[in-house]
Amino acid sequence: QVQLVESGGGLVQAGGSLRLSCAASGRTSSTYGMGWFRQAPGKEREFVAAINWSGGNTYYADSVKGRFTISRDNAKNTVYLQMNSLKPEDTAVYYCAADELPGFRLSDYRKWGQGTQVTVSS
């Protein structure tokens, strides 16, 4: 089993930055593909970014491309999401997800964290 724990969320003004972290423990061999998703109140959970094991392949939703950067430190079993130029519409609970390969769909991931709240004020 693998456990995922997100951290780094909080309240920030529009235009500001936050860095989310997702620490994996347990059977980390099943975390070759990692992703970030988010869910705003009243909306469905949506894809934000994903990364493969080596970090050489990254994928982003159009809404965050150029503003967010996903990266990973395999020695620390941790994936990061650097969020810059934040907008009020980025407000959501952000979830980390893991599986053997990165993907864009919720069904691509079998392991999920509990989420961390990000609130962007205008």
Side-chain angles (χ1 to χ4, degrees):
Q1 291 287 347
V2 61
Q3 293 78 43
L4 304 174
V5 178
E6 302 97 333
S7 62
L11 173 64
V12 64
Q13 289 188 332
S17 299
L18 281 175
R19 188 177 80 155
L20 305 183
S21 299
C22 173
S25 61
R27 190 168 170 263
T28 55
S29 60
S30 62
T31 61
Y32 290 161
M34 300 287 291
W36 286 97
F37 289 74
R38 66 186 182 186
Q39 188 167 17
K43 294 188 176 181
E44 295 184 349
R45 194 172 299 189
E46 65 176 5
F47 170 76
V48 175
I51 189 168
N52 71 338
W53 172 252
S54 70
N57 292 322
T58 57
Y59 312 89
Y60 297 95
D62 289 342
S63 59
V64 306
K65 203 171 293 183
R67 299 188 298 123
F68 290 11
T69 302
I70 188 171
S71 62
R72 67 189 299 163
D73 183 339
N74 291 334
K76 296 181 179 180
N77 294 321
T78 301
V79 172
Y80 305 97
L81 185 68
Q82 178 66 44
M83 306 186 294
N84 298 330
S85 302
L86 282 162
K87 306 175 181 179
E89 50 263 44
D90 294 318
T91 295
V93 177
Y94 283 71
Y95 297 90
C96 173
D99 213 299
E100 294 183 0
L101 292 172
F104 309 101
R105 302 168 298 182
L106 298 176
S107 59
D108 289 334
Y109 297 92
R110 288 174 285 180
K111 297 299 181 183
W112 292 83
Q114 294 301 305
T116 184
Q117 176 70 47
V118 171
T119 303
V120 184
S121 63
S122 58

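All residue numbers refer to positions in the sequence shown, counting from 1.
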Original post:
In Å and rounded to the nearest 0.5 Å, what is the CG to OG1 distance from Asp90 to Thr119?
Top reply: 11.0 Å
Original post:
Step by step, would you call Leu101 with Asp108 a side-chain contact (heavy atoms from CB on, under 4.5 Å)?
Top reply: CA-CA 8 Å; Leu101 292 172; Asp108 289 334; over 6 Å; no
**OP:** Can you tell me which residue pairs pass the ring-ring contact (aromatic ring centres under 6.0 Å, His included) test with a partner in residues 59-92, sequence neighbours excluded?
**Re:** Tyr59-Phe104
Original post:
Just by modelled atom types, is the Val120 backbone N or O under 3.5 Å from a matching donor or acceptor in the Thr91 side chain?
Top reply: yes
**OP:** Using modelled atom types only, decide if a donor and an acceptor are shared between the side chain of Asp73 and the backbone of Ala75 within a distance under 3.5 Å.
**Re:** yes
Original post:
When hydrophobic residues are tied together by side-chain contacts of less than 4.5 Å, even through go-betweens, does Leu81 share a cluster with Val93?
Top reply: no
Original post:
Counting only N and O atoms by type, is there a donor-acceptor contact under 3.5 Å from the side chain of Asn74 to the main-chain atoms of Trp53?
Top reply: yes
Original post:
Out of curiosity, does Val2 fall in the hydrophobic cluster containing Ile51 (side-chain heavy atoms, cut-off under 4.5 Å, transitive links)?
Top reply: yes
Original post:
Does any non-hydrogen side-chain atom of Arg45 lie less than 4.5 Å from one of Trp112?
Top reply: yes
Original post:
Can you name the residues that form a salt bridge (Lys or Arg N to Asp or Glu O under 4.0 Å) with Lys43, not counting sequence neighbours?
Top reply: none
Subject >> CD/Gln117: more than 12 non-hydrogen atoms of other groups inside 6.0 Å >> reply: yes
Original post:
When rounded to the nearest 0.5 angstrom, what distance separates CD in Gln114 from CG in Leu4?
Top reply: 9.5 Å
**OP:** May I ask you to decide if Tyr32's main-chain N or O and Arg72's side chain share a donor-acceptor pair within less than 3.5 Å?
**Re:** yes
Subject >> Side chain Asn52, main chain Asn57, donor-acceptor under 3.5 Å >> reply: yes
Original post:
Would a 4.5 Å heavy-atom cut-off, applied to side chains only, mark Val64 and Arg38 as touching?
Top reply: yes
Original post:
In terms of hydrophobic clustering (I, L, V, M, F, W, Y; side-chain heavy atoms under 4.5 Å; direct or indirect links), are Phe37 and Leu20 co-clustered?
Top reply: no
**OP:** Considering only NZ, NE, NH1 and NH2 on the basic side and carboxylate oxygens on the acidic side, decide whether Lys65 and Asp62 come within less than 4.0 Å.
**Re:** yes
Pairs of donor and acceptor atoms involving the side chains of residues 8-19, under 3.5 Å and at least two apart or interchain, shall be tabulated with distances.
{"from": "Ser17", "atom 1": "OG", "to": "Asn84", "atom 2": "OD1", "distance (Å)": "2.9"}

Original post:
Same hydrophobic cluster for Val48 and Tyr95, using side-chain heavy-atom links shorter than 4.5 Å among ILVMFWY?
Top reply: no
Original post:
At their closest point, which heavy atom of Phe47 faces which heavy atom of Gly103, and how far apart are they?
Top reply: CE1-O, 3.5 Å
**OP:** Using modelled atom types only, decide if a donor and an acceptor are shared between the side chain of Glu6 and the backbone of Cys96 within a distance under 3.5 Å.
**Re:** yes
Original post:
If two hydrophobic side chains count as joined below 4.5 Å and joins carry through other members, does Met34 share a cluster with Val118?
Top reply: yes
